[in-house]
Amino acid sequence: MNRTYDCIVLGAGGAGTSAAYHLARRGRRVLLLDQFAVGHDRGSSHGHSRIFRLAYDQPDYVQLAQRALDLWREVEQVSGQTLLTVTGGLDLGPHELPSLRAVEQSLRQAGVAVETLDAGALMRRFPQWRVPDDWAAVYSPDAGIVNPSHTVELLAALARAEGATMLEHTPALELDLGDPDAPAVRTPRGTFACRRLIVAAGAWLPELVPDLARGLRVTQETTAFFRAQDLAPFQPEHFPVFIGHARAGEAEVYGFPAFGLPGVKIAEHLRGPVTTARTRDFEVEDLTLARLGAYLERRLPGAAGPVMQAKTCLYTVTPTQDFLLDTHGAVTPGGSPSVLLASPCSGHGFKFVPVLGELLADWADGVPHPLHSARFRARRAMAHGHPTPAE
């Protein structure tokens with residue numbers, strides 16, 4: 001087995017498989033490592049659905065999502081597989097919220113199709129909803145659903161077909177950065193060296209790079225499918241994905257039409273308990289399900305049926321909820337500039353998977369990517385660390 005590669009990608013989730021695919025199709029010698037099987041449920045890149053949207057209140061994220069949309073379609077063309085199901089998307093909540101106005105402004109500045117709806121227009125257009133008179137919505141027709149399990153499996157297969165080497169059930173025991181220009185990964189199958197190392201290890205990143213422990217917080221979040229009384233109004237062609245903006249102190253809720261299972265999927269954003277990749281318990285809290293059920297009864301009564309399925313997944317979150325995409329040397333004094341630490345999660349990263357792979361591959365090739373924003377630099381996360389329990 002070859003022991004030296006142009007690039008090693010550690011972590012076969014969304015970002016890792018996408019980076020391996022982009023690098024392999026450029027002719028680079030790539031090794032993709034994961035401690036579990038591709039498509040496992042221990043991290044953040046599994047399940048039936050993630051929201052794709054252009055609707056962000058920061059223009060640079062809108063631009064990143066626009067590039068991602070182009071690349072989702074490119075991967076679909078290459079593979080002959082459907083990866084993005086367009087449903088349209090709603091950002092909705094009390095009309096005075098600055099975040100709603102910022103989303104609309106960012107979309108209009110980017111020249112993206114957008115429509116604003118007051119409460120009455122929202123309920124006439126989408127009668128599934130029951131909202132107060134002081135609510136409003138921003139509708140984006142380009143939003144939809146991507147399937148993380150399908151995407152990860154497909155990108156790994158495409159990377160292998162392009163010549164990448166993939167080793168499953170191969171954990172990283174240690175990052176050997178003694179030679180900053182030739183990083184290596186020690187595994188039970190031996191040590192592998194490379195010119196560039198991309199560490200896209202998700203919730204395991206703080207364990208591999210302890211200096212990140214203050215800048216990255218891991219939480220266990222719950223998603224649930226509820227059986228609708230009548231599924232027809234909640235099919236993807238009739239019911240858009242949605243993000244419920246909230247006042248301070250209230251939960252931000254997001255959801256999906258019937259996709260993957262015959263029910264409406266709903267979840268709260270960043271309400272789960274703090275954990276680690278190794279100590280998580282996979283337990284779904286009854287209180288969380290009760291809150292989600294109550295939300296449906298208030299806002300989407302036709303979907304407020306029994307729980308069909310409830311599962312947990314992991315968020316790996318920076319204090320600003322931006323991604324972390326920076327070199328090891330930017331995190332650890334004397335660290336290696338040949339190692340890129342990639343944590344493009346914070347609960348909203350999967351929609352960007354194709355462009356993240358392009359961005360990571362460009363870094364490995366020494367090419368600046370125009371969408372590698374300064375907001376992804378480590379100093380942003382490390383300078384505003386999460387408070388410790390004692391604080």
Side-chain angles (χ1 to χ4, degrees), residues 47-53 55 84-95 97 99-100 103 114-148 221-247 250-269 271-272 284-313 347 351:
H48 302 291
S49 54
R50 297 290 188 275
I51 289 176
F52 175 84
R53 59 186 168 107
L84 171 59
T85 299
V86 175
T87 64
L90 288 169
D91 284 72
L92 71 168
H95 70 82
L97 292 178
S99 59
L100 277 179
V103 165
V114 62
E115 186 177 353
T116 57
L117 304 169
D118 62 20
L122 169 65
M123 290 186 286
R124 289 191 296 273
R125 178 84 163 269
F126 302 108
Q128 303 91 333
W129 283 96
R130 299 289 184 272
V131 301
D133 291 341
D134 67 346
W135 274 37
V138 177
Y139 177 71
S140 172
D142 297 311
I145 303 170
V146 290
N147 183 315
E221 306 293 336
T222 293
T223 62
F225 283 83
F226 287 78
R227 179 71 172 178
Q229 299 167 17
D230 179 3
L231 274 177
F234 294 98
Q235 293 300 316
E237 60 268 28
H238 301 303
F239 185 68
V241 296
F242 69 89
I243 294 177
H245 295 234
R247 296 185 174 100
E250 298 178 349
E252 182 177 293
V253 176
Y254 63 94
F256 302 75
F259 185 91
L261 289 178
V264 172
K265 178 182 172 183
I266 186 173
E268 295 173 331
H269 179 64
R271 287 291 295 266
V284 173
E285 296 180 341
D286 290 339
L287 286 176
T288 301
L289 294 182
R291 289 196 302 268
L292 294 174
Y295 182 92
L296 292 177
E297 289 175 359
R298 291 194 310 272
R299 303 291 176 235
L300 294 163
V307 175
M308 301 180 66
Q309 182 189 86
K311 290 188 175 183
T312 64
C313 68
K351 67 180 67 64

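Just the heavy atoms: all of them, side chains too, but no hydrogens, waters or symmetry mates, feed the values below.
Across Glu221 and Arg271, no two heavy atoms sit closer than the pair OE1-N, 3.2 Å. In terms of heavy atoms, Phe256 sits closest to Val264 at O-CG1, 3.3 Å. Contact between Pro141 and Val86 at its shortest, heavy atoms only, is O-CG1, 3.4 Å.
In this structure, a donor-acceptor pair under 3.5 Å is present between the side chains of Asp91 and His245. There is no side-chain donor-acceptor pair under 3.5 Å between Lys311 and Thr222.
Between Arg291 and Glu268, at least one side-chain nitrogen of the basic residue sits less than 4.0 Å from a carboxylate oxygen of the acidic one, meeting the salt-bridge criterion.
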Got a list of side-chain donor-acceptor pairs under 3.5 Å for residues 126-134, not counting sequence neighbours?
from   : atom 1 : to     : atom 2 : distance (Å)
Gln128 : NE2    : Pro233 : O      : 2.6
Gln128 : NE2    : His238 : O      : 3.3
Arg130 : NH1    : Pro127 : O      : 2.6
Asp134 : OD2    : Arg247 : NH2    : 3.1

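None of Leu122, Val138, Leu100 except one satisfies the side-chain contact (heavy atoms from CB on, under 4.5 Å) rule with Leu92; the exception is Leu122.
Residues passing the side chain to side chain donor-acceptor pair (under 3.5 Å) test with Asp118: none are found, sequence neighbours excluded. By the side chain to side chain contact (heavy atoms under 4.5 Å, CB included) test, Glu285 is found to be paired with Pro273, Thr288, residues two or more places apart in sequence or in another chain being considered.
A donor-acceptor pair under 3.5 Å is absent between the side-chain atoms of Gln229 and the main chain of Gly305, judged by distance alone. Looking only at distances, no side-chain donor or acceptor of Glu115 sits under 3.5 Å from a matching main-chain atom of Tyr139.
A cation-pi arrangement is absent between Lys351 and Phe52 under the rule of less than 6.0 angstrom and at most 45 degrees off the ring axis.
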